[in-house]
Protein chains: 2
Amino acid sequence: MTLRQVEVIRAVMVTGTIGGAAKLLNVSAPGISRLVKYTERSLGIRFFQRQNGRYFPTPEAENIFEQINGVYKKVDDLSELISKIGRGGLSELRIGSVPSISQVMVPRAIERVRRRYPDLGIDINILKIEEAIDYLLLGRGECVAMSYRLEHSGLDFMPLASGELYCIVPPGHELAGRKQVSAAEITRYPLIGIDPNDPYGRIMAEIFARNRLDYNITIRARFGTTVCALVKAGLGIAIIDQFTVAHGGYPGIELLKITEPTRFDTYIAVKRGAPLSLHVEYFIEALRTEMRAVEPSRSNGKAVPARGRKK
Amino acid sequence: MTLRQVEVIRAVMVTGTIGGAAKLLNVSAPGISRLVKYTERSLGIRFFQRQNGRYFPTPEAENIFEQINGVYKKVDDLSELISKIGRGGLSELRIGSVPSISQVMVPRAIERVRRRYPDLGIDINILKIEEAIDYLLLGRGECVAMSYRLEHSGLDFMPLASGELYCIVPPGHELAGRKQVSAAEITRYPLIGIDPNDPYGRIMAEIFARNRLDYNITIRARFGTTVCALVKAGLGIAIIDQFTVAHGGYPGIELLKITEPTRFDTYIAVKRGAPLSLHVEYFIEALRTEMRAVEPSRSNGKAVPARGRKK
DNA sequence: ACTTCAACTTGGCGCAGCGTCATCATGCTC
DNA sequence: GAGCATGATGACGCTGCGCCAAGTTGAAGT
């Protein structure tokens with residue numbers, strides 16, 4: 001007894017004719033005719049009386065009809081539940097992100113996720129570095145997009161994308177309109193920066209350190225967006241990762257390429273050993289796609305397989 | 001969503017492994033593996049987490065599991081009902097027969113029916129000719145095995161089998177041990193017969209009429225079995241159709257072939273236009289088979305199709 | 001550290017269920 | 001009696017799903 005048989009029998013009972021059932025099920029009549037006959041033969045039960053080319057149920061079939069409808073209803077319930085879950089219902093995607101990535105890239109990735117799972121509940125958290133570990137370990141979320149990798153035996157890191165750093169200046173600034181600037185030039189202006197104790201701040205600082213340049217942070221902020229706001233307000237210039245300002249993510253400032261090579265690596269952190277939900281996998285893939293799309297240069301060929309996270 | 005998929009998902013959930021499910025469903029593991037994967041892919045839902053070659057349900061699947069069990073239960077109910085009906089439960093075979101056929105042939109046919117439909121309720125009626133019409137027209141039964149065909153616009157007749165007539169004598173009778181006797185010889189003894197007004201009786205009488213023989217009925221009975229009993233008691237000899245006494249149906253008498261050709265036709269009568277139940281069709285077929293098996297001579301090749309009653 | 005084992009996965013193959021269209025038989029309608 | 005609608009049947013092709021054999025991978029045993 002297959003579901004197909006139940007379906008077909010029911011359709012014939014409902015419509016009363018083979019052709020009607022065929023139309024109802026969007027198939028051609030011969031298939032229905034054959035399947036009904038085969039089913040009757042294999043079960044040893046006659047469901048229908050043929051009377052002048054018309055089908056009507058036998059007394060036995062009346063009994064069966066109720067049961068069939070019961071089965072059908074249950075299957076309907078099941079299908080509905082499945083489709084609800086298929087659209088993301090009944091479950092929640094809980095993810096975190098450091099501020100730089102959450103500014104532009106995460107919303108774009110989330111938009112993709114929403115399209116794929118319209119009913120999915122989504123919980124996004126902006127986390128500072130130190131919060132991310134607990135966030136994952138305590139199961140408050142499934143993954144965190146981070147701007148560097150830290151060693152922790154309870155976490156796994158997967159590379160996400162690599163970007164560059166830019167120098168941002170307010171419009172009308174002396175440097176505005178320049179194609180690119182060197183690190184040395186940057187140090188000649190009042191700088192707005194992130195606390196170098198913060199790993200994010202260290203990334204910014206590293207470029208000067210590498211070139212043994214002295215620099216002077218006039219204002220320290222914690223988030224890249226704050227930095228942008230301060231720059232926009234004309235309080236100085238700054239260095240920032242490209243993801244924070246991608247897609248015109250922060251209007252009213254100008255981006256300047258930095259002569260020296262820079263690199264800004266991002267990662268997805270997950271709790272080690274915890275299986276990933278389908279949704280979060282989709283999110284990670286979407287985020288990776290979005291971020292690689294703005295990567296400065298990359299052969300961009302191979303897509304990292306979604307589940308190859310071990311080793 | 002096919003029932004197969006539900007079945008497989010459930011089996012995997014229950015057993016926890018692909019192999020276990022395969023064993024449970026009596027198929028090989030690759031099929032299960034593939035179907036599960038295909039189903040997950042096509043529904044966009046992950047039912048199982050793969051962990052160290054072990055399957056366990058995702059949180060979503062837990063929800064679905066209940067529903068699947070519900071479907072399963074309903075399908076089980078349905079299967080049970082179907083198998084009950086398949087064994088003949090919930091319905092009744094109601095048939096009638098004239099005495100001559102009911103004596104030996106009907107029970108043998110019914111035995112076949114019982115084997116095929118162990119749970120089928122069976123109602124057998126022994127009917128005199130005149131009762132048969134009402135029996136059918138009022139829907140008291142679906143068919144009647146009769147020993148001749150009558151014209152009635154409300155009934156249809158289908159040929160059943162043709163037999164011969166025999167002369168029966170008590171053991172020790174003068175004719176006992178003879179291979180065959182002629183009609184003329186029979187008339188020399190006291191005869192036990194059926195009322196010639198009764199169509200059944202007329203059949204017996206016809207053999208003498210055809211040969212223009214005078215004969216003398218000393219005792220008149222109504223049923224063939226009564227005739228047999230009277231013969232057995234030594235009260236005379238008689239002519240009787242072979243079906244009544246087939247398979248040693250009436251021990252204690254001797255059968256003598258009659259020299260002249262004889263013929264005893266039987267029919268199945270059904271209400272015209274009324275559809276036949278599967279059971280009664282099976283019964284008719286069984287009865288036909290039984291009766292043709294004792295027919296004196298027939299190429300015995302072709303089986304009349306069960307439903308070819310029209311025209 | 002190497003082997004072994006027990007799972008699942010993958011590839012290749014074959015059958016049969018069920019889809020299609022074309023054609024035919026039947027009973028109803030005008 | 002011609003035309004129409006409905007099913008039945010035949011021929012044929014695709015694909016789901018069965019099988020076996022061989023390849024992975026993590027866990028356990030020595």
Side-chain angles (χ1 to χ4, degrees), chain A residues 1-43 46-58 61 156 272-276 305-311, chain B residues 1-43 46-58 61 156 272-275 281 305-311:
Chain A
M1 195 73 190
T2 78
L3 193 55
R4 183 71 189 154
Q5 293 177 5
V6 172
E7 223 172 6
V8 168
I9 298 290
R10 203 187 93 101
V12 176
M13 280 180 174
V14 167
T15 63
T17 77
I18 294 287
K23 225 174 298 170
L24 189 67
L25 298 175
N26 287 320
V27 292
S28 68
I32 306 292
S33 171
R34 245 188 277 272
L35 185 56
V36 168
K37 188 172 302 179
Y38 169 77
T39 303
E40 287 186 336
R41 178 151 291 284
S42 76
L43 296 179
R46 172 152 310 145
F47 291 110
F48 302 101
Q49 299 288 356
R50 281 76 167 167
Q51 195 82 334
N52 302 340
R54 219 55 177 198
Y55 272 52
F56 61 93
T58 58
D156 275 333
R272 179 166 294 173
L276 263 49
R307 305 204 80 252
R309 144 163 86 97
K310 259 306 178 47
K311 201 281 191 75
Chain B
M1 194 75 188
T2 77
L3 196 56
R4 183 68 186 159
Q5 294 178 12
V6 172
E7 220 173 8
V8 168
I9 298 291
R10 202 188 93 102
V12 175
M13 280 180 175
V14 167
T15 62
T17 77
I18 294 286
K23 225 174 298 171
L24 188 66
L25 298 175
N26 287 319
V27 293
S28 69
I32 306 294
S33 171
R34 246 187 273 271
L35 185 57
V36 169
K37 187 173 303 180
Y38 168 77
T39 304
E40 288 187 336
R41 179 151 291 283
S42 75
L43 296 178
R46 170 154 313 144
F47 291 111
F48 302 100
Q49 298 287 357
R50 281 77 169 165
Q51 197 84 333
N52 303 341
R54 218 63 176 193
Y55 272 53
F56 61 94
T58 58
D156 275 335
R272 180 166 294 172
E281 277 184 15
R307 306 206 81 251
R309 141 165 87 98
K310 256 312 176 41
K311 199 280 194 76

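Quantities reported herein were computed from a predicted structural model and do not represent experimental measurements.
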### Message
For B:E40 and B:R50: C-alpha separation, side-chain torsions, deciding distance, then whether salt bridge (Lys or Arg N to Asp or Glu O under 4.0 Å) applies.
### Response
CA-CA 13 Å; B:E40 288 187 336; B:R50 281 77 169 165; 3.0 Å; yes

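One atom, CD1 of A:I18, and another, P of C:dG27, lie 17 Å apart when rounded to the nearest Å. Atom P of nucleotide C:dC8 and atom CD of B:Q49 are separated by 15 Å, given to the nearest angstrom. Residue B:E7 contributes atom CD, which lies 13 Å from atom C1' of D:dC17 at whole-angstrom precision.
Dashed line: the shortest gap from a side-chain N or O of B:S33 to OP1 or OP2 of C:dT9 is under 4.0 Å. Note on A:Y55: a side-chain N or O is less than 4.0 Å away from OP1 or OP2 of D:dA8. At C:dT10, one or more side-chain N or O atoms of B:K37 fall inside 4.0 Å of OP1 or OP2 (strictly under the cut-off).
Among residue pairs with one or both ends in residues 7-22 of chain B, those qualifying as side-chain hydrogen bond (donor to acceptor under 3.5 Å, both in side chains) are B:R4-B:E7, B:R10-B:N69; sequence neighbours excluded.
A:S28 pairs by the side chain to side chain contact (heavy atoms under 4.5 Å, CB included) definition with A:P30, not counting sequence neighbours.
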### Task
Going 5' to 3' through nucleotides 14-25 of chain C, assign each nucleotide B (protein heavy atom under 4.0 Å from a base atom), S (under 4.0 Å only from sugar-phosphate atoms) or - (no protein heavy atom that close).
----SSBBB---

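In this structure, B:F48 and B:M13 have side chains that are in contact, with non-hydrogen atoms separated by less than 4.5 Å.
The backbone N or O of B:F47 sits less than 3.5 Å from a side-chain atom of B:T58, completing a donor-acceptor pair.
Checking each of B:L25, B:I18, B:T2 against B:V8 for a side chain to side chain contact (heavy atoms under 4.5 Å, CB included) leaves exactly one that passes, namely B:L25.
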